[in-house]
Amino acid sequence: MDACSFFPFLVVLFDRQPDGPFYELIEKGFSEGKLKRSGDFKGKVRFEKLIFHLESPAGIVFPKIGQKDKSLECYNSVLWRKYAARVLKAFDLYDVQPPAVPSLTLILRERTQEKNVGRVLDNRAEVESVMRKCTLCDVKVVDLAGMPYKEQIRLIRSTNVLVGVHGAGLMNIIFAAEEAVLVEIHPHYRQDRHFRIASRMSGKIYMPMRTKKRVTCQGSSDDVYVEI
């Protein structure tokens, strides 16, 4: 049976966080009607069927493979593809043609007074300049945090090459155009394979780059310099 046919579900959030960008993804892709919170219910509530999501987000993107010297051999997972398809269909972005002109997207993180964390591209202007030397290419430089989620996913869906410093925004590669490429810039001290696995499992191509220069910090935020 197609996993997408199990719906509709009513989704109830039990966290105490303000509604973030993924609120729209969950509501449009996985809930029958608006999302609920515990405060929307009074007294005792009985559910005929109930599924709990257990907090372990790293399990699917960083599995234990048994041997340290053995690489993950799986790729193009039906589970990952079905998930991406469901989300894309919810935003009417599934049956779209790839860009007529190759699209390169550089995603950034910006420091703000409220948020001084994460990995920030130190020589952003230099990297952007090199990308714009590409002939017959459409180059975009964006901070996804400043965009509504619908605009984020529409942009990613029309991206052929996604470039960025190691960080959660790179998980969007699973929604990119078919045969898209992820270019991940690793700080010298990181060796995580999260986004390599996400790329492989969703049928995309992965290309890592590792910086040689040691990072500098502002607060808890790294300045990552990539050699051009």
Side-chain angles (χ1 to χ4, degrees), residues 1-7 9 11 20-31 51-99 102-107 109 118-119 142 144 149-150 152-187 190-210:
M1 184 180 292
D2 189 328
C4 293
S5 65
F6 285 17
F7 295 89
F9 286 141
V11 177
F22 296 114
Y23 185 100
E24 187 178 4
L25 182 154
I26 299 169
E27 183 175 83
K28 288 182 70 69
F30 298 95
S31 184
I51 299 174
F52 272 103
H53 165 64
L54 301 179
E55 175 61 21
S56 183
I60 196 168
V61 295
F62 204 7
K64 302 293 188 299
I65 56 176
Q67 301 177 21
K68 293 182 179 180
D69 59 346
K70 186 176 181 181
S71 298
L72 184 72
E73 297 176 352
C74 301
Y75 67 97
N76 217 357
S77 161
V78 173
L79 175 63
W80 285 73
R81 283 222 179 240
K82 288 290 186 182
Y83 173 80
R86 179 155 194 96
V87 174
L88 290 170
K89 287 176 181 178
F91 287 90
D92 296 322
L93 292 170
Y94 183 69
D95 293 314
V96 297
Q97 293 296 317
S103 175
L104 284 62
T105 301
L106 172 64
I107 58 174
R109 282 176 168 173
R119 287 159 290 280
V142 298
L144 295 179
Y149 188 76
K150 188 173 184 178
Q152 292 183 38
I153 197 168
R154 182 180 290 115
L155 169 67
I156 297 298
R157 185 59 172 161
S158 64
T159 293
N160 299 106
V161 181
L162 183 63
V163 184
V165 179
H166 176 83
L170 299 186
M171 187 58 71
N172 283 297
I173 187 61
I174 69 176
F175 302 125
E178 297 307 310
E179 299 183 353
V181 178
L182 173 62
V183 180
E184 178 181 10
I185 301 170
H186 280 272
R190 296 297 291 253
Q191 297 183 7
D192 304 305
R193 294 172 291 176
H194 303 66
F195 308 114
R196 171 178 177 262
I197 291 173
S199 300
R200 286 174 59 86
M201 291 298 197
S202 55
K204 305 303 192 297
I205 301 167
Y206 176 76
M207 297 178 63
M209 297 176 64
R210 184 170 299 284

Evaluation steps, side chain to side chain contact (heavy atoms under 4.5 Å, CB included), between Leu182 and Leu170: CA-CA 8 Å; Leu182 173 62; Leu170 299 186; 3.9 Å; yes
Roughly how far, to the nearest 0.5 Å, is OH of Tyr83 from CG of Leu88? 10.0 Å
Separation between OG (Ser199) and CE (Met171), nearest 0.5 Å, reads 8.5 Å
Checking side chain to side chain contact (heavy atoms under 4.5 Å, CB included) for the pair Ile173/Thr159: CA distance, chi angles, key distance, verdict? CA-CA 9 Å; Ile173 187 61; Thr159 293; over 6 Å; no
Could you pull out the closest heavy-atom pair between Arg157 and Ala176, with the gap in Å? NH1-O, 3.1 Å
Under a 4.5 Å cut-off applied to non-hydrogen side-chain atoms, are Val142 and Thr105 in contact? yes
With a 4.5 Å cut-off on side-chain heavy atoms, are Glu24 and Lys150 touching? yes
Mind listing the closest non-hydrogen atom pair of Pro208 and His186 along with its distance? CB-CD2, 4.3 Å
Please say which of Arg200, Arg81, Lys204 ends up in a side-chain hydrogen bond (donor to acceptor under 3.5 Å, both in side chains) with Asn76. Arg81
Heavy-atom closest pair, residues His166 and Arg119: O-NE, 2.5 Å
Donor-acceptor contact below 3.5 Å, side chain Arg154 vs main chain Leu93: no
Locate the shortest heavy-atom distance separating Phe30 from Val11; write the atom from each residue and the value. O-CG2, 3.4 Å
If you take all heavy atoms of Arg86 and Gly29, which pair is closest and at what distance? NE-O, 2.6 Å
With rounding to the nearest 0.5 angstrom, report the CD to CG distance, Glu27 to Leu25. 10.5 Å
OH of Tyr23 to OG of Ser31, rounded to nearest 0.5 Å, is 8.0 Å
Looking at CD1 of Ile205 and CG of Leu162, how far apart are the two atoms once the value is rounded to the nearest 0.5 Å? 13.0 Å
Aromatic contact between Phe22 and Tyr149, with the criterion being ring centroids under 6.0 Å apart: yes or no? yes
Quick one: pull up CG in Asn172 and CG in Leu155 and give me the separation to the nearest 0.5 Å. 9.0 Å
Taking side chain as C-beta onward, heavy atoms only, is Asn160 less than 4.5 Å from Pro99? yes
Heavy-atom closest pair (Gly167 atom, Phe195 atom, distance to 0.1 Å) is O-CZ, 3.0 Å
Are the side chains of Ile174 and Ile156 in touch, meaning some heavy atoms are under 4.5 Å apart? no
Would you confirm whether Arg210, through its side chain, and Pro187, through its main-chain N or O, come within 3.5 Å as a donor-acceptor pair? yes
So do the side chains of Met209 and Val183 get within less than 4.5 Å of each other, counting heavy atoms only? yes
